Number of protein chains: 2
Amino acid sequence: MKMKSVTSRDVAQLAGVSQSAVSRSFSPNASVSAKTRKRVLEAARQLGYRPNTIARSLITRSSKTIAVVIYSLENPFYSSVLERASKFFQARGYHLQLFVAPLGKAFDEVIDDILRSQVEGVLMLAISITRAQAGEIAAVGVPVVIINRTVDYEGISQVSCDNYQGGYWAGQLLAASGHQRIAFLGGLIGSSTNEQRQAGFLSALAERGMTCHGVDVGNYRYEDARFATRRMFSARQIPDAIFAANDLMAIAAMETLRHELGLKVPQDVSIVGFDDIPMAAWPSHSLTTLQQPIELMIVKATELLLNQINQTESRPDHIKLPVTPMLRNSARSASG
Amino acid sequence: MKMKSVTSRDVAQLAGVSQSAVSRSFSPNASVSAKTRKRVLEAARQLGYRPNTIARSLITRSSKTIAVVIYSLENPFYSSVLERASKFFQARGYHLQLFVAPLGKAFDEVIDDILRSQVEGVLMLAISITRAQAGEIAAVGVPVVIINRTVDYEGISQVSCDNYQGGYWAGQLLAASGHQRIAFLGGLIGSSTNEQRQAGFLSALAERGMTCHGVDVGNYRYEDARFATRRMFSARQIPDAIFAANDLMAIAAMETLRHELGLKVPQDVSIVGFDDIPMAAWPSHSLTTLQQPIELMIVKATELLLNQINQTESRPDHIKLPVTPMLRNSARSASG
DNA sequence: TTGAAAGCGCTAACAA
DNA sequence: TTGTTAGCGCTTTCAA
């Protein structure tokens, strides 16, 4: 659908000025007389002229575009992050280019794609990347901030919450309230968040001389977590508490226990989640969980990115933010 | 963060060929000898060269970018739509530029912004636009498809489900099962989906000689719907059924009734929603609802957009897809 | 098949 | 403050 497309030249002609006068009239602080600018803007209006961002980007070498890479939007936590990041960047005059990361090596092509599109920064949400991939991006000099994943590569900024501390708190809560068989419902295997949450959790148990009753994997997804729950509760010795590595899985476990296995939460089984998605606060679930400081994470991540883009204090950084326990009713606090 | 940035000229020099040979080597079907291309690609690899998409766009006048405009991601239905649309376009070599539409007249600026960025198409998700705004976009000649909103402007394609039919089905179900005081929990006032769902609903009631017991507004949002529910149930005569214009509000109503007002669903109050978001199928909610054919909507919308972009059969079109009733347990089917 | 040359629409020196 | 000029990095004629 190509149209004639009005150019600054057309406007210049109509306004009876030079083409650069038109350009200047559309630059916030360029030296143009008010009179010229007025004439130009009027001519532009008449012709329906709009500066071509692409041509501008080519010459200024700044696309004012940030790539946001996300794995999936199934988890409302990341919809929320995406929405806020989007508003944040828009307010600062940046465009967002959305990439849904495919699995496997197709991801390399996405990286290539991103790099070709001349974005000024990359924001990755819960995307695990390899050192090689990190290096490839860094070589081009595009600032990257990863939210909720740790990558073993300096030169890439990271923002996450204190996953270890969160896991530790969950373990401590469940152990202290007399649970005997505490299980872990894990997220994506090998993801840093999952490992850190699990490590904190295990260490809290260990401090009380306890070990984890069992581990299964739900890949941070609802359906997978339901299967995992069924497996866990088909054993002879069933857990009396579950720490799930995110809320979506915690709720999946809760639903399965209550509506499929006839168990009561928290009377028979306590459940603790992670994230504090909106559904965790829905009364039906009333999930005890660890709240991630989503707003603060966005602010930090975007600041980091923008600072690197604008060279002000451009060192990459690793930021770890505190989590907030949300005590609701899915885990009993005192018990026999 | 500007880098030296390797250009095709650098590659040409290293490979000992002309700059245009480099360009050709990166075009799928250009006439280059295998030998030349190999030499070029090798030189490119050595230098870490990647074709600059912006420069390419400028000359080919095709940005391979689609703007997606969304109002909010609070409703998982639209996260889901966004995720699928994103995958769909990525698979076809398009980039997605995400715009979260602000309210009020700031939206005009977003439109302007979109138009300046030379996108090849615009996909709007549940965005209400005025005739004036539609005209502005159409004047530039950028194809637009709106999902889930009707706009009174030919030249803009629309894809939605049969909202009227869905509302009608809900009204019929509730009326036929003996409910006496059926209320409507509305979405965004003035939105076409809301009006159509309500109209279908009312007409089903009217056919049975019934009228709507009451109407309140939840703006398609969870919290607003909770307030609306409290208002509805503080009246002397409380409803014995609610049709909510989307699932998020239906669940909000259900939560409020069960956990705040001590009413049973569906025994005391039946609830029907619209959308069939994942949470509707969660056993706790088990929400009877109308499923929108989300996959099909995306396919149709993206096809429409791509066809218009590529001039093949380029007429704008209005597509209305059928909804599927999902009978779960939030509405009783027979009653006294 | 290849290279030279002409721009895409704009910004940014540089003079005037 | 203005116009002229030279490109940004690429694709695409046009000849060779």
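Given the structure is predicted, the values throughout are model-derived calculations rather than measurements. All chains are named by letter (A, B, ...) in the order of the sequence lines, taking the proteins before the strands, and each is independently numbered beginning at 1.
Position along DNA chain D of the nearest nucleotide to R9(A) versus S8(B) favours R9(A) as the more 5'-ward residue. When each of A55(B) and K35(B) is assigned the nucleotide of DNA chain C with its nearest heavy atom, K35(B) is the one assigned upstream, toward the 5' end.
The side-chain contact (heavy atoms from CB on, under 4.5 Å) check on Q46(B) picks up L14(B), E42(B), with sequence neighbours excluded. P316(B) is linked by a side-chain contact (heavy atoms from CB on, under 4.5 Å) to S157(B), Q308(B), counting only residues two or more places apart in sequence or in another chain. In this structure T193(A) satisfies the side-chain contact (heavy atoms from CB on, under 4.5 Å) test together with N148(A), R149(A), N163(A), S191(A), R197(A), Y220(A), sequence neighbours excluded. In this structure, D317(B) has no side-chain hydrogen bond (donor to acceptor under 3.5 Å, both in side chains) partners at least two apart in sequence or on a different chain. The ring-ring contact (aromatic ring centres under 6.0 Å, His included) check on F26(A) picks up Y49(A), with sequence neighbours excluded.
For the salt bridge (Lys or Arg N to Asp or Glu O under 4.0 Å) condition, the pairs that include at least one residue of residues 63-76 of chain B, sequence neighbours left out, are E74(B)-R221(B). For the ring-ring contact (aromatic ring centres under 6.0 Å, His included) condition, the pairs that include at least one residue of residues 90-137 of chain B, sequence neighbours left out, are H95(A)-F99(B), F99(A)-H95(B). The side chain to side chain donor-acceptor pair (under 3.5 Å) contacts involving residues 23-32 of chain A comprise nothing, where partners must be two or more places apart or lie in separate chains. Residues in residues 132-141 of chain B take part in these side chain to side chain donor-acceptor pair (under 3.5 Å) pairs, two or more places apart or across chains: D108(B)-Q133(B), T130(B)-Q133(B).
The CD1 atom of I59(B) sits 11 Å away from the P atom of dG7(C) (whole-angstrom rounding). Between R37(B) atom CZ and dT2(C) atom P the separation is 10 Å, expressed in whole Å. Note: CZ (R116(A)) to P (dC10(D)) measures 12 Å, nearest angstrom. Distance, L58(B) CG to dC10(D) P: 12 Å, rounded to whole Å. Atom CG in N52(B) sits roughly 14 Å away from atom C1' in dG7(D) (whole-Å rounding). The CD1 atom of I54(A) sits 11 Å away from the P atom of dG9(C) (whole-angstrom rounding).
With hydrogens and angles ignored, the 3.5 Å screen pairs a side-chain donor or acceptor of Q158(B) with a backbone N or O of V151(B).
Within the structure, a side-chain polar atom (N or O) of R61(A) is placed less than 4.0 Å from OP1 or OP2 of dG9(D). Remark: R56(A) is in phosphate contact with dT11(C), judged by side-chain N or O atoms under 4.0 Å from OP1 or OP2. At the phosphate of dT1(C), neither OP1 nor OP2 sits under 4.0 Å from any side-chain N or O atom of S33(B).
Each end of the helix from dT1(C)-dA16(D) to dA16(C)-dT1(D) yields a helix axis from five base pairs, and these two axes differ in direction by 30° (to the nearest 10 degrees).
Of the residues in residues 38-50 of chain A, none has a non-hydrogen atom less than 4.0 angstrom from any atom of DNA chain D. Scanning residues 10-26 of chain A for heavy-atom distances under 4.0 Å to DNA chain D yields V17(A), S18(A), S20(A), A21(A), R24(A).
Counting only heavy atoms from C-beta outward, the side chains of T65(B) and S117(B) never approach each other to under 4.5 Å.
Looking at heavy-atom distances under 4.0 Å, T36(A) makes contact with sugar-phosphate atoms alone, never a base.
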